[in-house]
Number of protein chains: 2
Amino acid sequence: MNKATIYNVAYAANVSLATVSRTLNNPQKVKPETRDRVLRVIKDLGYKPNAFAKGLASKKSTTVAVIVPDMSRASVAEMVNGIAVEARKYSYSLLLYVLKDEKVEELEMMKEIVASQVDGMLYLNDEINEGQYAMLNTIQEEYKVPIVLANTLYPYDNKLVTVCIDYYKAAYEVTNRLINEGRKHIYLLTTSRKYMVNDLKEEGYLKAIKEAHMSPNVIRTSGDISVNTIHFNELFKDGETPIDGVIAVRDSIAVSFINTMIEKGKSIPNDISVFGFQNTKYASLSRPKLSCVDIPINDIGAKAMALLKHEIDGEVNEVKFNVLPHSIITRQTSK
Amino acid sequence: MNKATIYNVAYAANVSLATVSRTLNNPQKVKPETRDRVLRVIKDLGYKPNAFAKGLASKKSTTVAVIVPDMSRASVAEMVNGIAVEARKYSYSLLLYVLKDEKVEELEMMKEIVASQVDGMLYLNDEINEGQYAMLNTIQEEYKVPIVLANTLYPYDNKLVTVCIDYYKAAYEVTNRLINEGRKHIYLLTTSRKYMVNDLKEEGYLKAIKEAHMSPNVIRTSGDISVNTIHFNELFKDGETPIDGVIAVRDSIAVSFINTMIEKGKSIPNDISVFGFQNTKYASLSRPKLSCVDIPINDIGAKAMALLKHEIDGEVNEVKFNVLPHSIITRQTSK
DNA sequence: CTGTTAGCGCCTTCAA
DNA sequence: TTGAAGGCGCTAACAG
């Protein structure tokens with residue numbers, strides 16, 4: 001039975017409930033002997049403080065909300081892993097909210113989350129527009145609950161603490177890799193749905209292309225494999241379209257493209273050099289193995305959680321934009 | 001500000017706080033007129049009940065714990081999606097616990113979870129041994145908190161409600177597919193680490209093999225791509241080992257195997273017919289596309305959540321073992 | 001160093 | 001149909 005309350009412990013240890021509370025929350029304020037005695041009783045009775053009572057009295061929950069668009073995206077899941085490990089360090093619990101298939105207004109949902117008394121929020125979402133950003137900021141100001149954005153960003157403002165990598169730079173670099181390989185017809189495969197991070201990748205790509213006096217080729221397609229496969233098949237139907245370099249905004253899109261082209265008789269990377277973005281398991285499982293930009297997605301999650309903890313503790317993070325280092329991994333789809 | 005409490009609402013609506021509480025929890029016990037008035041005030045003030053106070057007073061949290069081994073496994077993430085969508089239907093929140101890299105004893109952790117006052121627990125783990133099963137059962141009995149196992153099972157007892165598919169049967173069926181294709185040297189690629197579900201797959205495989213008077217070939221390898229690739233390379237080094245059929249307990253292992261063999265010059269499915277297990281994105285992204293057993297992983301999550309809700313509501317689920325239907329998907333790696 | 005005493009915000013009888 | 005009152009289990013001053 002979990003019936004053991006602080007009163008039972010107090011009684012059995014022959015102290016007041018205040019002392020029990022202290023040995024748990026401010027041990028240094030309790031005489032070692034009594035502390036040990038109380039601790040023994042706590043163990044004997046298997047006492048665990050009731051989280052509700054504790055939260056109600058202290059106005060703190062040691063719980064943070066993790067808001068994700070869709071758990072089944074590899075990058076999201078991996079980030080959650082990072083968050084979980086870091087959260088454990090501070091004994092924080094995670095309240096998970098999956099936006100997928102959600103019809104409730106996001107603002108309403110955020111308010112609900114606030115009412116659940118979380119100490120802070122982690123917002124993991126590739127896309128964030130002006131309205132959402134403003135909404136999140138309002139929530140943060142109004143309810144005094146710190147919010148940290150992980151692997152997403154809104155480049156036009158910097159009120160919310162953000163952790164991500166420099167997508168613009170990464171795309172710029174990887175495009176230059178292809179240019180330096182001697183590729184002349186470099187394509188960017190991006191999503192038709194708008195994502196801020198993908199827009200940044202596009203800008204980086206365009207910059208490198210422009211600097212090389214080449215002409216840009218941006219293809220917007222679906223993240224759904226079956227859909228984009230059809231799309232690629234149509235676009236490169238004749239096999240005559242000049243194309244010798246590709247950067248995809250996601251590994252899965254890159255792999256899907258590779259499969260399509262190889263089936264059309266192209267050789268990778270001889271005919272076409274391909275780079276993905278993220279370094280997911282898809283990259284290692286493709287044949288040939290995918291070269292890609294490696295994003296420290298686990299670390300992004302951990303860092304975001306660490307910064308949130310910082311804010312919760314009342315220490316302001318002066319630096320709002322936290323950029324983690326990326327790297328480019330050369331495997332078998334590039335030279 | 002989220003300062004609006006039930007008192008503010010009561011005052012503004014000119015009723016007692018009891019009435020406010022009722023219009024929220026037992027609307028039918030309140031006269032329509034007052035109810036509407038209260039509701040309007042609630043909306044005006046943006047009042048949301050404090051979850052702690054509510055939980056403390058009612059001893060219910062409308063929160064369930066979701067315990068996962070590792071978020072980055074595609075099947076786990078997908079199941080969580082299913083759980084989340086179903087949970088929303090009942091307005092339940094999810095408290096997420098990731099066991100990965102956890103050094104705390106599991107029993108201690110479970111007790112902590114209980115102390116967090118969840119109404120129930122969802123345990124998603126491929127592996128569960130006798131000790132764990134007994135532990136979970138103890139927790140359930142001792143603390144009266146219902147537990148449901150999702151996509152895992154302990155076949156020697158049936159005290160805990162369980163949702164999964166019939167792995168034994170699925171493996172049996174898929175092995176027979178290969179036998180009917182005329183394959184003579186059929187291998188099972190399974191994990192070296194012990195998983196109950198994989199043991200069942202192995203049994204199903206062995207049964208079919210025995211019935212066909214063939215000799216079994218079970219290879220135990222790592223789930224890690226780089227490791228099992230090396231392993232496969234060694235095992236089939238000469239390319240002479242007779243092998244013309246393969247069943248892998250995970251899609252990723254199947255894809256890794258396919259890549260290795262194709263690089264050795266084998267033709268899939270002409271030389272070797274391959275089946276995976278799960279139907280993850282890996283299956284669609286492999287070349288050729290992987291044939292596999294489709295497991296309704298999303299549904300398993302949803303069903304588990306639904307059953308848990310049932311138990312929380314005090315209704316006993318008479319059927320402890322809930323088997324969801326699987327199917328076999330023929331793509332390009334089999335005939 | 002320890003005990004006493006108010007609450008925290010809400011639910012739930014019990015009366016009215 | 002509504003209100004009054006007593007907790008739920010714990011924290012945090014304030015005394016002692």
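Here is how names work: the chains are called A, B, and so on, in the same order as the sequence lines, proteins then strands, and each is numbered from 1. The model shown is predicted, which means the values in this text are computed figures rather than measured ones.
- Side chain of Asp119(B) to main chain of Thr62(B): a donor-acceptor pair is present (N/O by atom type, distance under 3.5 Å, no hydrogens or angles).
- Atom-to-atom distance recorded for Leu95(B):CG and Ser93(A):OG is 5.0 Å, nearest 0.5 angstrom.
- In the helix from dC1(C)-dG16(D) to dA16(C)-dT1(D), the end axes, each obtained as the rotation axis mapping the C1' atoms of four pairs onto the next four within a five-pair block, lie 30° apart to the nearest 10 degrees.
- In Glu130(A), the CD atom is not crowded: 12 or fewer heavy atoms of neighbouring residues, nucleotides or ligands sit closer than 6.0 Å.
- Side-chain N or O atoms of Asn129(A) include one that pairs as donor or acceptor with a backbone N or O of Gln132(A) at under 3.5 Å.
- Identified under the salt bridge (Lys or Arg N to Asp or Glu O under 4.0 Å) test for residues 62-76 of chain A, with sequence neighbours left out: Arg73(A)-Asp126(A).
- In this structure a side-chain-to-backbone donor-acceptor pair under 3.5 Å is present from Ser61(A) to Gln117(A).
- Chain B approaches DNA chain C over the interval dG9(C) to dT13(C), counting the first and last nucleotide 5' to 3' with an atom under 4.0 Å from its heavy atoms.
- Summarising the geometry, atom NE2 belonging to His310(A) is positioned 5.5 Å from atom CG belonging to Asn317(A); distances are rounded to the nearest 0.5 Å.
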Q: At under 4.0 Å between heavy atoms, which parts of nucleotides 8-16 of chain D does protein reach? Answer with one letter per nucleotide, 5' to 3': B base, S sugar-phosphate only, - none.
A: BBBBBB---
Name each donor-acceptor pair under 3.5 Å that joins a side chain in residues 37-44 of chain A to protein atoms two or more places apart or in another chain, with its distance.
residue: Arg37(A); atom: NH1; partner: Ala13(A); partner atom: O; Å: 2.4

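- Checked against salt bridge (Lys or Arg N to Asp or Glu O under 4.0 Å), Glu33(A) has no partners two or more places apart in sequence or in another chain.
- The neighbour count for Lys194(A) NZ, taken as heavy atoms of other residues, nucleotides or ligands under 6.0 Å away, is above 12.
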